[in-house]
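Each remark here refers to the structure printed beneath this line.
Letters A, B, ... mirror the listed sequences (proteins, then strands); counts begin at 1.
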Amino acid sequence: MRRGLDRAVVGRVVAGVEVAHVRAVRRHLLGVRDFETALPGRRVLAACRRGKYLWLPLDDDRALVAHLGMSGQLLMVPAEMPLQAHLRVRTRFAGGGSELRFVDQRTFGGLFLDDLVPDRAPVGPAGNHDPVLGGIPAVLSHIARDPCDPAFPDEAFRLALRLRRTGIKRALLDQSLISGVGNIYADEALWRARLHYARPTETLTRRDVEAVLAGVRSVFAQALAAGGTSFDSLYVSTEGVSGLFDRSLAVYARAGQPCLRCGTAVLRDPFMNRSSFTCPRCQPRPRRARW
DNA sequence: AGACCAACCTGCTGGC
DNA sequence: TGCCAGCAGGTTGGTC
């Protein structure tokens, strides 16, 4: 989606914004009216992402920030396209052409404007090869780097896991430790690392943590190449195209089906009001479990 | 400070 | 066929 925005809106000037549903503009302290009036005239300088947040730096040291929540979409569509049932915000650009529509069935996602501030997220030994343009939105200062960011600090992540008193999956879902990992990719990464989700983080060896990071990174790379994971038409690119990674899932949503490594039936457990999927043989439950 | 849960929404599916 | 419980990819803010 970031790449789609990069192609479609970077360099363009906002001509007008219409908010169709006030709750889709969240965390914007000055209100919806200010959101609508502040954007016209601003030029989009880039399309950035950290974890599950996307933002468009503007030419006033602020950024248009988006989080898609569970069901949000950012679509580039011709202005004459019929309005979607769950259209929340329309953004038109100078010179016409396609407009950007934020569509969100469940309204767990939202848009807002925020100040860009210096990026203070911890940096690994590789250094920061990929500085974000003009800083990061102020409210994202608690979001850790994405594991695919070359500056992701592997060693600091390992030490943070040692200090935590929780299970590895809870830690993976904590966006202040590592960003971008959600319920699907956590399960897939842990299957690749052969670790159970309830494994206490303080018992993980250096090798375990390396396996977790390798698992997350390989899942991310393959899922990205496949255009993401789309169980239904809600999960689409800016062009409305569904991703294909659901066909490559090893455990997620495969309860009762054979593990792709050993053939054992995949298990589904309730976890944090959702589900965890594991292979009971490749990922045995630890004697001392934390979840 | 860290851990954990309810709340925020709409829509679909499966069981009765 | 209709109804309802349960479930769906996430984050925040509150309590303990």
Side-chain angles (χ1 to χ4, degrees), chain A residues 1 20-29 49-55 65-74 84-89 102-112 114 137-144 146 159-191 197-202 216 219-220 222-224 226-237 242-256 268-277 289-291:
Chain A
M1 191 156 284
H21 186 78
V22 291
R23 302 231 21 232
V25 176
R26 20 189 76 207
R27 312 171 63 152
H28 190 75
L29 302 178
R49 178 183 70 81
R50 174 163 290 175
K52 302 171 191 173
Y53 284 90
L54 281 164
W55 70 92
V65 187
H67 193 293
L68 304 178
M70 301 273 262
S71 55
Q73 305 170 312
L74 284 168
Q84 291 84 347
H86 303 290
L87 175 63
R88 306 307 186 198
V89 180
F102 177 60
V103 178
D104 188 8
Q105 177 186 100
R106 292 174 72 180
T107 36
F108 278 12
L111 306 183
F112 55 94
D114 195 19
V139 298
L140 305 194
S141 54
H142 67 293
I143 303 291
D146 188 295
L159 294 174
L161 290 181
R162 176 167 288 182
L163 295 174
R164 284 293 172 108
R165 292 296 176 266
T166 190
I168 180 59
K169 183 167 172 182
R170 276 184 184 277
L172 285 178
L173 296 178
D174 184 340
Q175 306 295 302
S176 70
L177 291 174
I178 182 170
S179 70
V181 184
N183 201 37
I184 295 178
Y185 298 139
D187 281 4
E188 292 297 306
L190 290 171
W191 179 81
Y197 59 83
R199 179 73 181 274
T201 54
E202 75 270 23
V216 171
V219 167
F220 274 11
Q222 287 167 27
L224 193 57
T229 306
S230 310
F231 291 120
D232 54 45
S233 58
L234 292 181
Y235 292 83
V236 293
S237 69
S242 285
L244 302 175
F245 194 70
D246 58 316
R247 298 177 197 175
S248 304
L249 296 172
V251 282
Y252 191 85
R254 293 193 64 242
R268 175 194 173 276
D269 293 331
F271 178 87
M272 295 172 78
N273 287 325
R274 37 180 86 121
S275 300
S276 277
F277 298 89
R290 283 186 197 277
W291 63 89

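Each of B:dA3, B:dT10, C:dT11 was ranked by its minimum atom distance to the side chain of A:Q175; first place goes to C:dT11. Counting only heavy atoms from C-beta on, A:K52 has its side chain closest to C:dG10 among B:dT10, C:dG10, B:dA3. Residue A:R164 has its side chain nearest to B:dA3 when only C:dT12, B:dA3, C:dC7 are considered. Closest contact between the side chain of A:R268 and the listed nucleotides B:dG11, B:dC4, C:dC7 involves C:dC7. Distance from the side chain of A:R106 is smallest to C:dA8 among C:dT11, B:dA3, C:dA8. For A:H67, the listed nucleotide lying nearest its side chain is C:dG10; candidates were C:dA8, C:dG10, B:dA3. With distances taken from any side-chain atom of A:T166 to the nucleotides B:dC5, C:dT11, B:dA3, the minimum falls on B:dA3.
Between the NE2 atom of A:H142 and the P atom of C:dG13 there is a distance of 9 Å, given to the nearest Å. Atom pair A:F271:CZ and C:dG6:P shows a separation of 20 Å (rounding to whole Å applied). Atom CE in A:M70 sits about 14 Å away from atom P in B:dT10, given to the nearest Å. For the pair A:F231 CZ and B:dT10 C1', the computed distance is 19 Å after rounding to whole Å. Summarising the geometry, the separation between CG on A:D232 and C1' on B:dT13 is reported as 13 Å, rounded to the nearest angstrom. Rounded to an integer number of Å, the gap from A:L234 CG to B:dT13 P is 12 Å. Nucleotide C:dG10 holds its P atom 19 Å from the CZ atom of A:R50, rounded to whole Å. Atom CG in A:N183 sits about 13 Å away from atom P in C:dC7, given to the nearest Å.
Taking the 5.5 Å centre cut-off and the 30° plane limit, the aromatic side chain of A:F108 is not classed as stacked on C:dT11.
Taking all atoms of both residues into account, the shortest heavy-atom contact from A:S275 to A:N183 is O-ND2, 3.1 Å.
For C:dT12, the OP1/OP2 oxygens have a side-chain nitrogen or oxygen of A:Y53 closer than 4.0 Å. Here A:R170 reaches the OP1 or OP2 of B:dC5: one of its side-chain N or O atoms lies under 4.0 Å away. For the OP1/OP2 pair of B:dG2 and a distance below 4.0 Å, the side-chain nitrogens and oxygens of A:R165 include no atom meeting the criterion.
At distances below 3.5 Å, not a single donor-acceptor pair connects side-chain atoms of A:R27 with backbone N or O atoms of A:L29. Formation of a donor-acceptor pair under 3.5 Å by the A:R268 side chain with backbone atoms of A:A255 is not found in this model.
With P as the reference atom, B:dA1 and C:dT11 are 22 Å apart, rounded to whole Å.
In terms of position on DNA chain B, the residue among A:A85 and A:R26 whose nearest nucleotide sits closer to the 5' end is A:R26. Position along DNA chain B of the nearest nucleotide to A:L163 versus A:N273 favours A:L163 as the more 5'-ward residue.
No donor-acceptor contact under 3.5 angstrom links the side chains of A:S179 and A:D146, judged on distance only.
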Item to check | From CA spacing to verdict: side-chain contact (heavy atoms from CB on, under 4.5 Å), A:Q73, A:L68 | outcome: CA-CA 6 Å; A:Q73 305 170 312; A:L68 304 178; over 6 Å; no

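Side-chain N/O atoms of A:R274 and base N/O atoms of C:dG10 include a donor-acceptor pair closer than 3.5 Å.
Here A:S71 lies out of heavy-atom contact (under 4.0 Å) with every strand.
Counting heavy atoms from C-beta on, the side chains of A:W55 and A:L140 come closer than 4.5 Å.
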